Amino acid sequence: MATAGQWLEGARPRTLPNAIAPVVAGTGAAAAIDGGVWWKALLALCVALPLVIGVNFANDYSDGIRGTDDDRVGPLRLVGSGLASPASVKRAAFVCFGVGAVAGIVLAATSAWWLILVGAVCIVGAWYYTGGRNPYGYAGFGEVAVFVFFGLVAVLGTQFVQAGRVTWAGLACAVAVGSLSTAVLVTNNLRDIPTDTVSGKRTLAVRLGDPRTRTLHLVLVVVPFVASLALVAVTPWALAGLLAVPFAVRAHAPVRAGGLGKSLIPALQDSGLAMLVWAVATAPALAFG
């Protein structure tokens, strides 16, 4: 029986920047056109946080029942470690999805009803990343999904529900956040290339191979700072996003150094921190610049 602390660890709180950063960036982009609405930003966060936790539990369940986590190097997995039953972890995932769906319905009711369809697609995407008979995460499309859902959909959706429209500045923020969020997954899959290859999990990292995956990570951590330079057209204060450079450099350091296994785990946290710092620095610059 898993303890409360182990359930918390299984929820993978270090991935929460993937939920917080898009909402912060999207709110900044909305405020840049005088469209910021604080309570809608909070509602968007109430959608994003449970969905990220839910996808973590869903991945724990699906990978666990397939045996993918039997020889895991990274953070604790509840099913793979035998600490919790598959049924209980699956139930936790759907409870989280349900909480996010309720918040999403309220947000849609105050913005646009078609957003319910977008939310439904997000939940389906979260489940079938590693769930179902043919999970797309096992076929190398996980990075694309992360970029779309945690970048484009999350940031532009947050801007839209507050401002009623999206802008090119919002798109720049979405690309920046999506790139760093994808870098987190790329690091994770780079670390797991040996075990994923054995288990038949054909992630993008497995398909690209070790050297090209490391190059991809470099590209992804550079993109946000290109976005910062582009956002200077909105306000010169957008250069505040460069405050995240040290975190991005630190995130890429073990990747560049050829790190393997556990030595790559710090890069997961640092990639997430770079994303959060970029969003927190850029949002007020857009809002008040």
Side-chain angles (χ1 to χ4, degrees), residues 14-15 17-22 24-26 28-29 140-156 167-193 203-260 263-286 289:
R14 291 180 180 177
T15 64
N18 290 283
I20 299 170
V24 171
F141 296 106
E143 285 78 1
V144 174
V146 166
F147 182 82
V148 170
F149 290 127
F150 294 145
L152 301 182
V153 173
V155 175
L156 294 178
T167 63
W168 76 264
L171 179 60
C173 288
V175 170
V177 171
S179 294
L180 283 171
S181 189
T182 304
V184 176
L185 181 60
V186 167
T187 305
N188 183 80
N189 288 344
L190 173 64
R191 181 200 64 204
D192 292 343
I193 284 177
T203 63
L204 182 61
V206 171
R207 292 178 178 274
L208 290 177
D210 185 287
R212 284 186 291 181
T213 300
R214 294 178 193 274
T215 300
L216 174 60
H217 187 272
L218 174 61
V219 171
L220 290 170
V221 298
V222 167
V223 165
F225 307 112
V226 176
S228 292
L229 297 177
L231 287 169
V232 169
V234 177
T235 171
W237 291 106
L239 292 176
L242 299 180
L243 291 172
V245 167
F247 297 93
V249 170
R250 193 169 70 181
H252 186 64
V255 178
R256 184 184 67 251
L260 299 169
S263 66
L264 288 171
I265 292 177
L268 291 168
Q269 180 177 348
D270 290 333
S271 296
L273 281 174
M275 172 172 51
L276 190 58
V277 171
W278 188 92
V280 169
T282 302
L286 293 175

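The figures here come from the full heavy-atom set of this structure, side chains too, leaving out hydrogens, waters and symmetry mates. For this chain, numbers begin at 1 and follow the sequence in order. A quick note: this is a predicted structure, and the numbers were derived from the prediction, not measured.
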Next item on the list: Starting from the C-alpha separation in whole Å, work towards a yes-or-no answer on side-chain contact (heavy atoms from CB on, under 4.5 Å) for T15 and V184.
Entry: CA-CA 9 Å; T15 64; V184 176; 5.7 Å; no
Could you pull out the closest heavy-atom pair between [X] and [Y], with the gap in Å?
X	Y	value
I193	A205	CD1-O, 3.6 Å
V221	A183	CG1-CB, 4.1 Å
P17	P22	O-CD, 3.7 Å
W168	A230	CH2-O, 3.3 Å
A281	L243	CB-CD1, 4.2 Å
V155	G170	CG1-O, 3.7 Å

Side chains of [X] and [Y], heavy atoms from C-beta outward: is any pair under 4.5 Å?
X	Y	answer
L190	R214	yes
L220	E143	no
C173	L286	yes
L171	L152	yes
L216	L204	yes
V206	N189	no
V232	L239	yes
S181	F147	no

Notebook entry, point to check: Just how far is it from atom CZ of R207 to atom OG1 of T213, taken to the nearest 0.5 Å?
Noted result: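 So the gap between those two atoms works out to 12.0 Å.
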Item checked: Separation of N18 CG from L276 CG (nearest 0.5 Å) ->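 These two atoms lie 10.0 Å from each other.
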Next item on the list: Run the numbers on T187 and H217 for side-chain contact (heavy atoms from CB on, under 4.5 Å), then give the verdict.
Entry: CA-CA 7 Å; T187 305; H217 187 272; 3.0 Å; yes
Note to self: Check whether T215 reaches the backbone of P211 with its side chain - one donor and one acceptor, N or O, closer than 3.5 Å.
What the structure shows: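 Here the side-chain-to-backbone pair exists.
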Item checked: Any donor-acceptor N/O pair, W278 side chain to A176 backbone, under 3.5 Å ->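 No, W278 side chain to A176 backbone: no donor-acceptor pair under 3.5 Å.
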Check: How far apart are the C-alpha atoms of I20 and V280, what are their side-chain angles, what is the distance that settles it, and do they pass the side-chain contact (heavy atoms from CB on, under 4.5 Å) test?
Finding: CA-CA 9 Å; I20 299 170; V280 169; over 6 Å; no
Checklist line | From CA spacing to verdict: side-chain contact (heavy atoms from CB on, under 4.5 Å), V177, F150 | finding: CA-CA 8 Å; V177 171; F150 294 145; 5.9 Å; no
